[in-house]
Amino acid sequence: MKKILIVVGSTRDNRKSIHVANWVLNESKAYKGDLSFEIADLKEIDLEYYNEPGSPRKGKSYQFDKTRLWSSIVDSSDGIIFVTPEYNGSYTGALKDAVDYLYHEWVGKAVGIVGYGSGGGKRAVKNLQLLLNSFKVIYTNEVVGINDIWDALDENKNIKNQFVDGEIQILFHELEKIIEKKHN
């Protein structure tokens with residue numbers, strides 16, 4: 001079974017990212033393929049503002065325990081689903097730092113993105129893709145957006161389907177196909 005990491009892209013106390021990530025995880029239970037899913041919450045991992053003394057491009061000789069933990073979490077996954085809010089037209093600083101901490105761990109990964117915000121997080125998704133292009137990741141064609149996140153959550157913090165653009169099951173399927181192709 002191939003492991004998909006769902007990266008929670010916000011660390012704010014009152015963030016919606018954790019609810020969107022939980023929605024992705026819940027939706028994964030209906031997926032019939034050979035994937036397992038796990039959440040990586042940047043708030044819990046608690047990376048500092050980027051502070052490694054060396055460049056991650058030079059290898060995995062990380063000085064700090066949190067960086068080594070983050071490296072092992074990402075390295076052990078076969079694919080990533082980034083859950084990103086749109087803050088002022090882009091992704092969060094915490095997500096940028098989480099990506100910047102590593103290099104080799106991202107290279108060639110299968111990547112799907114779920115964005116959210118007033119317009120489904122489209123600008124955050126595009127900016128995140130620009131960043132991730134440096135790592136030659138392989139994207140799913142399907143990008144999922146959650147529109148009007150403040151209205152999209154019901155009283156139990158579940159996503160209402162009418163606010164979802166895109167098909168999360170297609171995103172899962174495409175991730176699996178990318179991973180299969182890489183391993184063949």
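Using a 4.0 Å cut-off between charged nitrogen and carboxylate oxygen, Lys43 and Asp13 count as a salt-bridge pair. Lys2 has no carboxylate O lying under 4.0 Å from a charged side-chain N of Glu176, or vice versa, which leaves the two without a salt bridge. Using a cut-off of 4.0 Å between Lys/Arg side-chain N and Asp/Glu carboxylate O, Lys177 and Glu180 are scored as salt-bridged.
Side chain of His19 to main chain of Asn158: no donor-acceptor pair is present (N/O by atom type, distance under 3.5 Å, no hydrogens or angles). At least one donor-acceptor pair closer than 3.5 Å links the side chain of Glu52 to the backbone N or O of Gln63. A donor-acceptor pair under 3.5 Å links the side-chain atoms of Gln169 to the main chain of Glu27, judged by distance alone. In this structure, Lys66 contributes its side chain and Asp46 its backbone to a donor-acceptor pair below 3.5 Å. Under a 3.5 Å cut-off, the side chain of Glu105 and the backbone N or O of Tyr103 do form a donor-acceptor pair.
Interatomic distance, Leu128 CG to Arg123 CZ, rounded to the nearest 0.5 Å: 14.5 Å.
Note on Tyr62: it clusters hydrophobically with Leu69, by side-chain heavy-atom contacts below 4.5 Å among ILVMFWY residues.
Ser71 and Tyr101 share no donor-acceptor pair across their side chains, judged by distance under 3.5 Å alone.
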*Steps toward side-chain contact (heavy atoms from CB on, under 4.5 Å) verdict (Val137, Ile80)*: CA-CA 10 Å; Val137 301; Ile80 309 283; over 6 Å; no

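Ile178 shares a hydrophobic cluster with Ile138; the chain of contacts runs through ILVMFWY side chains whose heavy atoms sit under 4.5 Å apart.
Contact annotation: the side chain of Leu95 approaches that of Leu42 to within less than 4.5 Å [non-hydrogen atoms, C-beta and beyond]. For the pair Lys16/Pro85, no side-chain contact is recorded, criterion being any heavy-atom separation below 4.5 Å from C-beta on.
The aromatic rings of Tyr31 and Phe172 sit perpendicular, their planes meeting at an angle over 60°, well past the 30° parallel limit.
Heavy-atom minimum distance, Leu171 versus Glu142: CD1-O, 3.4 Å.
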